[in-house]
Amino acid sequence: MKMSHMFGGTLRQAPTDAEIASHQLLVRAGFIRQLGTGIYSLMPLGWRAITKIEDIMREEMNAIGGQEIYMPVVHPADLWMETGRWYQIGDEMSRFHDRKGHDMVLAMTHEEVVTDLARREVQSYKQLPMLVYHIQTKWRDDPRPRAGLIRVREFTMKDSYSLDADEAGLDQQYRAHYQAYFNIFNRCGVPAVAVGSDVGMMGGSLAHEYMYLCAAGEDTLLLCDSCGYRANRQIALFQKPTPEKEELATMEKIATPNVATIEGLANFLNVPKARTAKAVFLTATFTEGEQEVQKLVFSVVRGDMDVNETKLANALRAKELRAAHAEEIAAIGAVAGYASPVGLKGAIVVVDDLIPLSPNLVAGANEAGYHYTNVNYGRDYQAEIVADIASAEEGSGCPRCGQPMRTSRGVEVGNIFKLGTRYSAALGATFLDEKGKEQPVIMGSYGIGSGRLLACAAEENHDDKGLVWPISVAPYQVHLLSLRGGQAQAETLYADLQATGLEVLFDDREESPGIKFNDADLIGMPIRLTVSERSLSEGGVEFKLRHEADKRIVALQDVVAEVLATRDALLAEIAQKVVTVPFEE
RNA sequence: CGGGGUGUAGCGCAGCCUGGCAGCGCACCGCGUUUGGGACGCGGUGGUCGGCGGUUCGAAUCCGCCCACCCCGACCA
């Protein structure tokens with residue numbers, strides 16, 4: 001490609017609204033352009049890089065038996081009603097009517113459609129296992145897209161779906177993906193770790209998320225350096241302290257004027273926060289058939305901990321959880337800041353499993369300015385649910401080995417789910433087993449967003465001058481610059497390089513050397529060749545790798561062979577990063 | 001949805017407070033000189049000042065409503 005006619009150029013300054021490196025660089029280097037909130041166009045360079053990433057995905061999916069298909073982006077709503085997700089999913093799914101007035105949805109994922117296909121195509125256990133995948137557009141009307149391509153509303157995802165006759169088959173396909181996903185990330189130059197994750201709206205029994213650890217990430221992970229335990233904070237377990245046994249003391253009401261926070265309460269009474277009970281009001285939405293019901297939830301954790309809304313929502317089997325409004329709290333006679341489970345009516349009470357073990361806590365008295373001391377679970381109040389609803393944090397004890405864990409931010413670059421029969425049962429995707437008995441297909445679903453992966457590759461592979469692409473995802477392998485006195489030889493070299501199948505970006509513009517070098521650094525192709533009067537007088541073409549500082553001169557007649565050898569060496573380096581990762585639940 | 005912020009040329013910004021010809025740098029076009037790490041001179045092109053309404057002799061500027069975009073939170077397969 002000649003840069004003189006390339007659609008979309010480089011920018012000297014990044015738009016001010018780009019804050020993280022990958023966003024700034026992808027815009028400045030001319031890879032992406034924004035159309036609206038969370039909606040981007042891919043320019044020629046960006047699209048070529050995405051194509052490389054998607055081809056890597058194809059290779060890895062095909063290697064584990066995947067069959068590529070292509071499913072629609074517009075779905076009749078009926079299918080989503082059949083699985084119930086039409087009712088469960090909120091505004092994140094965009095809905096519209098076709099001209100006949102039928103309800104339609106924009107695809108945010110494809111379990112419904114693939115299961116509908118499976119129920120038509122799969123009849124016998126003899127056909128299983130099967131694995132299908134596609135690379136397709138998803139629309140998720142996220143309430144807050146951010147950080148360029150990291151989090152968008154319209155995106156392309158490689159999603160695959162495994163179909164099996166039994167759990168063992170599912171486990172095998174799940175493990176195959178577990179490794180294939182590491183291969184994909186490694187080949188794209190994105191180091192990732194797998195962590196246990198919440199199954200969320202997908203349903204199912206087991207899930208892993210692949211996290212690229214970086215400060216720009218929006219998930220918080222808990223990592224144990226001693227034993228290797230890793231989990232998303234949403235579900236991370238931790239060893240809770242074992243409180244000393246005490247005689248249960250008599251509950252007393254005490255005046256605590258203007259003390260409406262745990263911090264203030266602990267200071268006022270001069271007790272550790274661990275001796276208090278923290279009350280948090282949330283409103284939960286439950287789906288009952290086609291109806292949505294909202295109920296107030298009163299959750300209690302120890303004062304030194306925070307409520308984990310994912311754990312709480314899972315314990316409640318709630319669809320949604322949000323902070324309760326002041327009116328909702330007042331409606332059941334509770335007083336914010338002085339709320340108490342003692343004598344509370346009109347809310348579902350959920351207490352953390354540490355609370356029943358913690359004697360003589362300070363809790364609210366449901367009266368402004370008053371708290372109770374020596375409140376004890378079981379004696380003074382009961383809960384509908386006792387469960388682990390507290391959030392692990394920096395320093396929390398590892399659930400396996402007890403050592404303090406650390407936290408890190410991460411971007412979710414992929415995930416894998418054991419769905420089981422959640423969708424096949426709902427849609428009647430069944431087959432006949434060896435005994436002629438009808439069984440639901442056992443499914444798994446596995447996704448990687450290609451744009452997000454591109455952004456993470458940019459985030460991981462850049463320096464202060466620009467992008468530094470691994471050759472596997474670089475839009476072009478070679479960046480050829482012609483400077484004064486080298487134009488004719490550069491034209492010839494451009495043709496010779498391309499004739500061998502090398503991918504070449506040729507800067508044939510009439511620009512000053514500084515601009516061309518800076519643009520080459522910004523765009524970040526792995527191999528740079530410069531042809532100029534100076535290089536020719538020194539004996540040929542200047543040869544430089546983007547990730548190294550060294551430059552050297554290669555004779556004109558040797559350049560093509562040298563570039564081919566270097567490309568192959570760089571590809572071999574990438575291939576070496578593909579290593580087997582032991583499976584961990 | 002809550003909090004904060006920004007909308008003026010392709011990009012980055014000033015002008016707004018205190019109403020009076022719409023500006024600057026970069027980019028772009030022409031000519032010339034230069035050119036191995038973001039050259040220089042001269043001359044040019046490009047704007048419904050986010051939109052609608054109001055106040056006013058006169059609105060980028062003041063007032064109201066709306067929209068878009070960004071950041072934090074809620075949310076997130």
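A note on names: the letters A, B, ... follow the listed sequences, proteins ahead of strands, and every chain is numbered from 1.
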Go ahead and name the base partner of B/C69; Watson-Crick or wobble counts if both distances stay under 3.5 Å, otherwise write none.
B/G5
Who passes salt bridge (Lys or Arg N to Asp or Glu O under 4.0 Å) against A/E60, sequence neighbours left out?
A/R187
Whole-Å distance separating the CD atom of A/E218 from the P atom of B/A74
11 Å
Touch class at under 4.0 angstrom, heavy-atom based, for A/Y446 against every strand present
nothing
Option among A/R233, A/R409, A/R146 that satisfies the salt bridge (charged side-chain N to carboxylate O under 4.0 Å, His left out) test with A/E218:
A/R146
Rounded to whole Å, please give me the gap between CG in A/D219 and P in B/C75.
13 Å
Between atom CG in A/D91 and atom C1' in B/C1, what is the gap in whole Å?
10 Å
Same-atom distance (P) from B/C62 to B/U8, integer angstrom
16 Å
Paired with B/C62 by Watson-Crick or G-U wobble geometry, both distances under 3.5 Å: which nucleotide is it?
B/G54
In whole angstrom, give me the gap between the C1' atoms of B/G10 and B/C31.
24 Å
Between the protein and nucleotides 69-73 of chain B, which nitrogen or oxygen pairs come in under 3.5 angstrom?
unit_1: B/C69; atom_1: OP1; unit_2: A/T37; atom_2: N; d: 2.9
unit_1: B/C69; atom_1: OP1; unit_2: A/T37; atom_2: OG1; d: 2.9
unit_1: B/C69; atom_1: OP2; unit_2: A/T37; atom_2: OG1; d: 3.2
unit_1: B/C69; atom_1: O5'; unit_2: A/T37; atom_2: OG1; d: 2.7
unit_1: B/C69; atom_1: O3'; unit_2: A/Q34; atom_2: NE2; d: 3.4
unit_1: B/C70; atom_1: OP1; unit_2: A/Q34; atom_2: NE2; d: 2.9
unit_1: B/C70; atom_1: OP2; unit_2: A/T37; atom_2: OG1; d: 2.9
unit_1: B/C71; atom_1: OP1; unit_2: A/A147; atom_2: N; d: 3.4
unit_1: B/C72; atom_1: OP2; unit_2: A/R144; atom_2: NH1; d: 3.0
unit_1: B/C72; atom_1: OP2; unit_2: A/R144; atom_2: NH2; d: 2.7
unit_1: B/G73; atom_1: N7; unit_2: A/R144; atom_2: NE; d: 3.2

What's the gap between B/C29 and B/C67 when it is taken at their C1' atoms, as a whole Å value?
35 Å
With sequence neighbours excluded, what pairs up with A/E533 under the salt bridge (Lys or Arg N to Asp or Glu O under 4.0 Å) test?
A/R484
Under the side chain to side chain contact (heavy atoms under 4.5 Å, CB included) test, residues paired with A/L545 that sit two or more places apart:
A/I527, A/F543, A/H547, A/E548, A/T566
For A/S162, give me all partners under side-chain hydrogen bond (donor to acceptor under 3.5 Å, both in side chains), at least two apart in sequence or on another chain.
A/Y446
Quick one: salt bridge (Lys or Arg N to Asp or Glu O under 4.0 Å) partners of A/K311, sequence neighbours excluded?
A/D388
With rounding to whole Å, what would you report as the distance between B/C16 and B/C72 at their C1' atoms?
28 Å
Rounded to whole angstrom, note down the P distance from B/C65 over to B/G23.
32 Å
Closer than 3.5 angstrom, by distance alone: can the side chain of A/E112 be matched with the main-chain N or O of A/M81 as a donor-acceptor pair?
no
Gap in Å between the two C1' atoms, one belonging to B/G47 and one to B/C21, rounded:
15 Å
Suppose we define a pair by two distances each less than 3.5 Å, Watson-Crick or G-U wobble; what does B/U33 pair with here?
B/A39
Sugar-phosphate or base contact per nucleotide [nucleotides 28-44 of chain B; S, B, -; heavy atom under 4.0 Å]:
S------BBBBS-----
Hey, can you pull the donor-acceptor pairs under 3.5 Å for the side chains in residues 24-35 of chain A, sequence neighbours left out?
unit_1: A/Q24; atom_1: NE2; unit_2: A/A18; atom_2: O; d: 2.9
unit_1: A/R28; atom_1: NE; unit_2: A/L11; atom_2: O; d: 3.0
unit_1: A/R28; atom_1: NE; unit_2: A/R12; atom_2: O; d: 3.4
unit_1: A/R33; atom_1: NH1; unit_2: A/V27; atom_2: O; d: 2.7
unit_1: A/R33; atom_1: NH2; unit_2: A/G9; atom_2: O; d: 2.9
unit_1: A/Q34; atom_1: NE2; unit_2: A/G36; atom_2: O; d: 2.9

Specify the separation, in whole Å, of atom CD1 of A/I32 and atom P of B/C11.
14 Å
Tell me every residue that passes salt bridge (Lys or Arg N to Asp or Glu O under 4.0 Å) with A/E82, counting only those two or more places apart in sequence or in another chain.
A/R119
Between B/A68 atom P and A/I39 atom CD1, what is the distance in whole Å?
11 Å
Going by purine N1 to pyrimidine N3 plus the second Watson-Crick contact, or the G-U wobble pair, all under 3.5 Å, which nucleotide sits opposite B/C28?
B/G44
Return the orientation label for the A/F281 and A/F298 ring planes: parallel under 30°, perpendicular over 60°, tilted otherwise.
perpendicular
Whole-Å distance between B/C76 C1' and A/Q234 CD?
8 Å
Under the side-chain hydrogen bond (donor to acceptor under 3.5 Å, both in side chains) test, residues paired with A/E511 that sit two or more places apart
none
Considering only the P atoms, how many Å lie between B/C42 and B/C24, rounded to the nearest integer?
14 Å
Between A/D306 and A/V301, is there a side-chain heavy-atom distance shorter than 4.5 Å?
no
Can you check the distance between B/U48 and B/G44, where both ends of the measurement are the P atom (answer in whole Å)?
22 Å
Sub-3.5 Å pairs of nitrogen or oxygen atoms, protein against nucleotides 45-51 of chain B:
none

Just jot down the side-chain hydrogen bond (donor to acceptor under 3.5 Å, both in side chains) partners of A/K138, sequence neighbours excluded, or say none.
A/H110, A/D159
